[in-house]
Amino acid sequence: AMSGAPSAFGAYNTPYSDTGIFGVHAICSPSNIEMTLYTILSALLQVGRSTNDEQVEAAKNVTKRVVLSSIDGNNNLAENLGEQLSNTGRIVRLPELMARIDAVDTAMIRRLGDEIFNNGNRIACSAVGDLTHLPDYEMINSRSKIISFSM
């Protein structure tokens, strides 16, 4: 990224039967690492505080579209079923999955956002490239607590 903004970023989630992995990745210029990192932390910490009904409904609609597109065609369907078996040990049928998505509400997102991102747990961080501007790991974790308390 030549300017102050990241050139690319995204989130990922992999559920398992008893846990899961959630993360955010970003590509930015070396001089913008700290700002990018704290922007991501701030956004995650706000999930438990400022998520609203419109955002939740929009996210549910996007999730449903992604689920439906992931089972479009034999190859996609086989991959989807394989991932489900590998990750959770069972196949979740489409009506059950849609019902689970429909059951999500703003209160649930706020509760989980607070539980996951504002609970004092340490975050994990990895980076590749010119890391001269990457804050120390202890500083990242202490800043996440400061951001959490200032919101």
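Just so you know, these numbers come straight off a predicted model, no measurement behind them.
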Over 12 foreign heavy atoms within 6.0 Å of [atom1], [X]:
X      : atom1 : result
Asp102 : CG    : yes
Glu54  : CD    : no
Asn74  : CG    : no

Checklist line | Salt-bridge contact Glu57-Lys60 (side-chain N to carboxylate O under 4.0 Å) | finding: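 Yes, Glu57 and Lys60 are salt-bridged.
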Check: Any Lys/Arg nitrogen of Glu115 or Arg110 sitting under 4.0 Å from an Asp/Glu carboxylate oxygen of the other?
Finding: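 Salt bridge between Glu115 and Arg110, a charged N being under 4.0 Å from a carboxylate O: no.
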Next item on the list: Report the C-alpha separation of Leu94 and Ile71 in whole Å, then their side-chain angles, then the decisive distance to 0.1 Å, and conclude whether the side chain to side chain contact (heavy atoms under 4.5 Å, CB included) test is met.
Entry: CA-CA 10 Å; Leu94 189 58; Ile71 59 173; 4.0 Å; yes
Checklist line | Donor-acceptor contact present, side-chain Asp130 to main-chain Thr132, <3.5 Å | finding: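 Yes, Asp130 side chain to Thr132 backbone: donor-acceptor pair under 3.5 Å.
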Note to self: Would the distance check show the side chain of Thr88 and the main-chain N or O of Gln84 forming a donor-acceptor pair, the cut-off being under 3.5 Å?
What the structure shows: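 Between the backbone of Gln84 and the side chain of Thr88 there is a qualifying donor-acceptor contact (under 3.5 Å).
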Item checked: Evaluation steps, side chain to side chain contact (heavy atoms under 4.5 Å, CB included), between Val24 and Tyr12 -> CA-CA 6 Å; Val24 177; Tyr12 56 91; 6.0 Å; no
Does [X] share a hydrophobic cluster with [Y], counting links as ILVMFWY side-chain heavy atoms below 4.5 Å and allowing steps through other members?
X      : Y      : value
Val56  : Leu97  : no
Leu131 : Ile140 : yes
Met98  : Met108 : no
Leu85  : Leu77  : yes

Next item on the list: For Pro135 and Ile33, work out which heavy atoms get closest and say how close.
Entry: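 Nearest pair, atom of Pro135 first, then Ile33: CD-CG2, 4.5 Å.
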Next item on the list: Could you check Asn80 against Val67 for side chain to side chain contact (heavy atoms under 4.5 Å, CB included), going step by step and ending with a plain yes or no?
Entry: CA-CA 9 Å; Asn80 180 283; Val67 166; 5.8 Å; no
Note to self: Quick check for you: to the nearest 0.5 Å, what is the distance between Leu134 atom CG and Leu37 atom CG?
What the structure shows: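 These two atoms lie 7.0 Å from each other.
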Notebook entry, point to check: Does any non-hydrogen side-chain atom of Ser70 lie less than 4.5 Å from one of Asn76?
Noted result: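 No, too far: nothing below the 4.5 Å cut-off.
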Item checked: side chain to side chain contact (heavy atoms under 4.5 Å, CB included) between Thr36 and Phe9, worked out -> CA-CA 10 Å; Thr36 299; Phe9 61 92; over 6 Å; no
